[in-house]
Number of protein chains: 2
Amino acid sequence: MAVAELAIEGALLIGSDIRRGTAGEIRATEARTGTKLSPGFGGATAADLEQACALAEAAFDTFRNAPLETRARFLETVAEEILAIGDILVERAMAETGLPRGRIEGERGRTVGQLRLFAGVVRDGGFLDVRIDPALPDRKPLPRPDLRLINQPLGPVAVFGASNFPLAFSVAGGDTASAFAAGCPVIVKAHSAHPGTSELVGRAVQRAVAACGLPEGTFSLLFDSSRTIGQALVADHRIKAVGFTGSRGGGTSLMAISAARAEPIPVYAEMSSINPVVLLPSALASRGAAIGKAFVGSLTLGAGQFCTNPGLVLAIDGPGLDSFIAAASEALAACEAQTMLTPGILSAYCAGVEALAGHAAVKTVGKGKAGEALTGGAQLFETTAEAFLADHALQAEVFGAASLVVRCPDEAALHAVLAALEGQLTGAIHLDDADTEIAARLMPLMERKVGRVLMNGFGTGVEVCHAMVHGGPFPSTADGRSTSVGSLAIARFLRPVSYQDVPQKLLPEALRDGNPLRLPRRIDGRLTLPEA
Amino acid sequence: MAVAELAIEGALLIGSDIRRGTAGEIRATEARTGTKLSPGFGGATAADLEQACALAEAAFDTFRNAPLETRARFLETVAEEILAIGDILVERAMAETGLPRGRIEGERGRTVGQLRLFAGVVRDGGFLDVRIDPALPDRKPLPRPDLRLINQPLGPVAVFGASNFPLAFSVAGGDTASAFAAGCPVIVKAHSAHPGTSELVGRAVQRAVAACGLPEGTFSLLFDSSRTIGQALVADHRIKAVGFTGSRGGGTSLMAISAARAEPIPVYAEMSSINPVVLLPSALASRGAAIGKAFVGSLTLGAGQFCTNPGLVLAIDGPGLDSFIAAASEALAACEAQTMLTPGILSAYCAGVEALAGHAAVKTVGKGKAGEALTGGAQLFETTAEAFLADHALQAEVFGAASLVVRCPDEAALHAVLAALEGQLTGAIHLDDADTEIAARLMPLMERKVGRVLMNGFGTGVEVCHAMVHGGPFPSTADGRSTSVGSLAIARFLRPVSYQDVPQKLLPEALRDGNPLRLPRRIDGRLTLPEA
């Protein structure tokens, strides 16, 4: 760890500057032991924030108007710089989060893969949605002007690192990568649960900015010893969108700050989801026990600290469901308690579990092994559809490896429970062929409640690809029209701008005659591809 | 008018029902005379609203899952039914708005054209953004599941008719057409300035719903004698998006209602814009007078009652600007005062004009002819960049034919004034070849402030096409990521949904193997077109 500590100074990254913040200090904690790690991280002052915002604003036009190839190379350079940090990064992230090496290495691969995916998206250029309606000078009664449309980036974006993905949804994670891909400078407010990891990755981004000859304000990284700086960042008039992954309370407070601005801005907060899993009768009858075992694998993955953790199981009562619960309970009993990301997350988890365990209509039906301090043991509960429908509190997310099975007397009750749910990131249906009709009746409800419908699987394991939606109706996200994972995440940071009768030399290159950037374009409404 | 009055009952349209509301009454007014027209329109009660929402909710799944061809035919049938109303509609709209026959007939053509445009968009299917990432069962370390994505409609949409477009942005206007095209049922809250026009068009939509065999809740039309019903409509949990065109106060109040909901929803409010027109030196020097004359044509069109009315002119001081003002003033002096849409709009216009005329730093430099009661005369004012920058109130929209010229001492002042503006729908630049460099320096600022940049023209005359953006940063619209005119308006009512490992027969048809609907698709990230 000596090298790691050498490389980490506890410094803010304001454009190309590396300097210590003076507004208090945050300390990293070794998740497994609770030991404070060195060095401390100086918190940003209002002046630091002001400078980061001014630099981002100053960088915006240059960054957005740089060639797409430069933007793509920048994303790839960030990926290369992250890999170049080497094992120091893995060890520091493991220490700060308590997550095992395999998970952190996998997450690093995902982070790098995301950056490269967005490089490809930038080169493809389809995200620009180029549309050209050529002039019709002879049209009667009035001529039609020349109209061309392109998506432009919104402006500087504030990104809040997530505690549960120290790499893939933090400093250079999905929000940052998609904002960069859109052409937006980024100011990251680091999560205080992994500040060392944040600084290491932040420096990698900072080096990539310099290596690619981009303006320094393209990226800044702030630590915040209170909540003041994060809130002021969202309120700053130069910030034009916000990416956040975290709690419902945190996300809705950012939404409120945005709504109170002179110019409200989009807030993409990924917040709260219990990800219903529906077990259909024939599947339960034929393989309830196998599903129960697989379910526990998903439930306990990463100590349950995933937004897509299966926190709710719905099924029609019967022996199939009994065998599911029995198998899940047996699998759970063998599960070791796992270190949780932070003491705060652990105590929230314990409070959630206690509330369920003490609820008059809820029965504890499975438990993982009890562990040492700072670990959370998995828990399985059950209740009835009637009780669930009677108490809205039963659908509150318990972040961690806890889940609630709702026994439904019949299909109508199952529909009623699903209909009573708030918006969700994912919804899973386990089915056999014989369940097709009941599944077909569930689909319309499922499609309206969630961002991703999946069959015979669990929502954990979010593929980073083009057809992924990691989003969903409120409160799973603040804006259900968006995804924070996958290539479509770039759309969050774009707005269309139309150009009417603008001379060629004043048009963005992507809109010029002859299609110099070889982009897919919609001409007079008809989609055309560049020749291969 | 006898036939028109026969056809109008003052009735609510709740699904397939036609019945009189009992919560108070609104009366149409003949705009030119102030005379109350018959019949009165009964206001909707809370029970009427409840029924409209319940019907819309019940219709949603059926409507969205009907074949795309049915949806396209429905849009075309609405267009046919509107044309079939015949001259009754034109006469009633003329009476209620004071707009001349040519304008109303043109607007009917635009309304019908919009509906047909969206029928084409529905058939094209590109709006679905179909994405397929096929399974990779052999991938290491983990297989990739089959992932498919499609845009799904948000749900029932509330549309508020606009006073200034009694056809094109009212009952079957752009918001309604694009929501239908997306697959959303619509509940319209009619604007009380043209209730008879609203009922006539509403009945045309109601007939089209029946003719196309769609569920009755696909469309309802409500009159509101207070503001209660409109507000309750936006607050209703079954409503999933709002389309509105009107005042800043009205739009921001709907935004606040949405933000206070248990589930906040997108509000697309098109509100307030003064549409800066920048006159560059060489263009002014060579043809300042001609631009001044053309400017007055745009300023006084439709009594200035357009969202894209040129309310602000920016130029560097000099003889070219003097000749612009002189020519504009001369052209204005010949302009007849025009009837305004409503007494409320007229009195707001008069108050805005009085505030400018009485402002210490503002000089009146041109006036149209004074007219009779209920008409508004055009007004041209000027001020200095310094005064404009010192008083934010000078950028408030005056809805009507009033405009303010800001004399800038130099290019830096012109930039400063533009930078100080709030978000706008349009920004125009008048330039000659010799102005190219100064225009190039203006473009980045313009692109960030507006939804549509146009050259050597004025923003009035909004082409309904694929490359149009009628939107822009707040407060020109509530959501600057959207357009309310043109085919891209459909995107406002969609959200992506991902399907993972879903069997063929449970997938939406658009996502099935073999591309049965012959849609453009993104396969593994690569855009492919169906064979011709």
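Just so it is clear: chains get the letters A, B, ... in the order the sequence lines come, proteins before strands, and each one is counted from 1.
- Of the two parts of Met255(B), only the side chain, counted from C-beta on, holds a non-hydrogen atom closer than 4.5 Å to a non-hydrogen atom of chain A.
- Residues Leu527(B) and Leu529(A) have side chains in contact (heavy-atom distance under 4.5 Å, counting atoms from C-beta outward).
- Looking at heavy atoms from C-beta onward, Arg448(B) lies in side-chain contact with Lys240(A) at the 4.5 angstrom threshold.
- Within the 4.5 angstrom heavy-atom criterion, no atom of Ala256(B) approaches chain A.
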- Item | Verdict with supporting geometry, Gln500(A) and Val469(B), side-chain contact (heavy atoms from CB on, under 4.5 Å) | CA-CA 10 Å; Gln500(A) 180 174 320; Val469(B) 175; over 6 Å; no
- Message: Checking Leu488(B) against Arg131(A) for the side-chain contact (heavy atoms from CB on, under 4.5 Å) test, could you report, in this order, the C-alpha distance in whole Å, the side-chain angles of both residues, the deciding distance, and whether it holds?
- Response: CA-CA 10 Å; Leu488(B) 191 55; Arg131(A) 293 160 176 246; 3.5 Å; yes
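- At a 4.5 Å heavy-atom cutoff, the contact between Pro508(B) and chain A is made by side-chain atoms alone.
- Asp479(A) touches chain B through its side chain: at least one heavy atom from C-beta onward sits under 4.5 Å away, while N, CA, C and O do not.
- Using a 4.5 Å cut-off between heavy atoms, Arg521(B) makes no contact with chain A at all.
- The residue among Ala439(A), Pro153(A), Gly126(A), Pro264(A) with the most heavy atom pairs within less than 4.5 Å of chain B is Pro264(A).
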- Begin with the C-alpha distance, continue with both residues' side-chain angles, and end with the deciding distance and a verdict on side-chain contact (heavy atoms from CB on, under 4.5 Å) for Leu147(A) and Met468(B). CA-CA 7 Å; Leu147(A) 279 154; Met468(B) 175 51 65; 3.9 Å; yes
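- Here the side chains of Glu263(B) and Glu422(A) are not in contact, with every heavy-atom distance at 4.5 Å or above.
- When each of Thr436(A), Thr483(A), Leu445(A) is scored by its heavy-atom pairs under 4.5 Å with chain B, the top score falls to Thr436(A).
- One finds the CZ atom of Arg452(A) at 11.5 Å from the CG atom of Leu149(B) (value rounded to the nearest 0.5 Å).
- For the pair Glu437(A) and Lys505(B), the salt-bridge criterion is not met [side-chain N within less than 4.0 Å of a carboxylate O].
- Contact detail for Ser498(A) and Ala467(B): the closest heavy-atom pair is OG-O, 2.7 Å.
- Residue-environment remark: CZ (Arg526(B)) stays at or below the threshold of 12 foreign heavy atoms within 6.0 Å.
- Between the side chain of Asp133(A) and the backbone N or O of Cys465(B), no donor-acceptor pair lies under 3.5 Å.
- Screening residues 461-481 of chain A for ring pair (Phe, Tyr, Trp, His ring centres under 6.0 Å), with sequence neighbours left out, gives no hits.
- The candidate from Val502(A), Leu117(A), Asn151(A), Val130(A) with the greatest count of non-hydrogen atom pairs under 4.5 Å with chain B is Val502(A).
- Each of Pro520(B), Gly155(B), Pro473(B), Pro145(B) has some count of heavy-atom pairs under 4.5 Å with chain A, and the biggest count is that of Pro473(B).
- Asp129(B) touches chain A through its side chain: at least one heavy atom from C-beta onward sits under 4.5 Å away, while N, CA, C and O do not.
- The residue among Val450(A), Asn456(A), Ile132(A) with the most heavy atom pairs within less than 4.5 Å of chain B is Val450(A).
- In this structure, the side chains of Arg522(A) and Asp124(B) come closer than 4.5 Å at one or more pairs of heavy atoms.
- Contact annotation for Asp433(B): only side-chain heavy atoms (C-beta onward) come within less than 4.5 Å of a heavy atom of chain A.
- Heavy atoms of Ala428(A) lying under 4.5 Å from chain B are absent altogether.
- Residue Glu447(B) touches chain A through both its backbone and its side chain, counting heavy-atom pairs closer than 4.5 Å.
- Between atom CG of residue Leu506(B) and atom CD1 of residue Ile429(A) there is a gap of 7.5 Å, rounded to the nearest 0.5 Å.
- Between Tyr499(A) and Met443(B) there is a side-chain heavy-atom pair separated by less than 4.5 Å.
- Counted by atom type alone, Arg495(A) and Ser482(B) present zero donor-acceptor pairs between their side chains at under 3.5 Å.
- Residue Val121(B) does not touch chain A at all, counting heavy-atom pairs closer than 4.5 Å.
- Residues Gly480(A) and Pro496(B) approach most closely at O-CD, 4.4 Å, considering heavy atoms.
- At least one side-chain heavy atom of Leu154(A) sits less than 4.5 Å from a side-chain heavy atom of Arg481(B).
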